[in-house]
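Since the structure comes first, as C-alpha cells, the remarks are kept for the end.
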Amino acid sequence: MRNYAIQLTTTLKILIFPGRLFEGGIDHAGKIETSLMLAVNKKLVHMDRLIKPTGSITGDDANLASEIEGKNRLEKVVNQIINEIKVDY
C-alpha cells in the first residue's frame, strides 16, 4: 500500500506540475501554484502584491496565473484520482 501511495503522489505531482522542476522546488509561488490557489480560494491570493521573479527559485511568473488554468489543472487531477480508484476497485 505504501508503494502505491508513493506512486500516486508522484503521478499527482506530474499532473499538477508537469516537468517544471526548479532549484527551490516545484514552481513554488509561480504561475501554476498561484493558478491553483486562485481556483481554490482566490481571496487568499493578492495579485496586486506580486513581483516578477528574479531567478529560477520561484519558477514561472505568477503574474501569468489565472483562475481558469487552476480549475483546469484541478479537474485533471480529480479525474486522474477517479481513474486510479476505478482501476484498483
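If you read the sequence from its start, that first residue is 1, and numbering goes on from there.
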Inset, instruction - Taking the side chain as every heavy atom from C-beta outward, state whether K31 and D61 have any pair of such atoms under 4.5 Å apart. - result: no

Inset, instruction - Could you walk me through whether M47 and T34 pass the side chain to side chain contact (heavy atoms under 4.5 Å, CB included) test, one step at a time? - result: CA-CA 9 Å; M47 295 295 285; T34 304; 4.0 Å; yes

Inset, instruction - List the atom of G70, the atom of A39, and the distance in Å for their closest heavy-atom pair. - result: C-CB, 3.5 Å

Inset, instruction - Any chance you could measure S35, atom OG, to L74, atom CG, to the nearest 0.5 Å? - result: 10.0 Å

Legend entry - Pairwise distance CG(L64) to CD(E69) - rounded to 0.5 angstrom: 9.0 Å

Legend entry - Approximate separation, where rounding is to 0.5 Å, of I32 CD1 and R73 CZ: 4.0 Å

Inset, instruction - Taking the side chain as every heavy atom from C-beta outward, state whether E67 and K42 have any atom pair closer than 4.5 Å. - result: yes

Inset, instruction - Mind checking side chain to side chain contact (heavy atoms under 4.5 Å, CB included) for N41 and listing every partner two or more places apart, or none if nothing turns up? - result: K43, L44

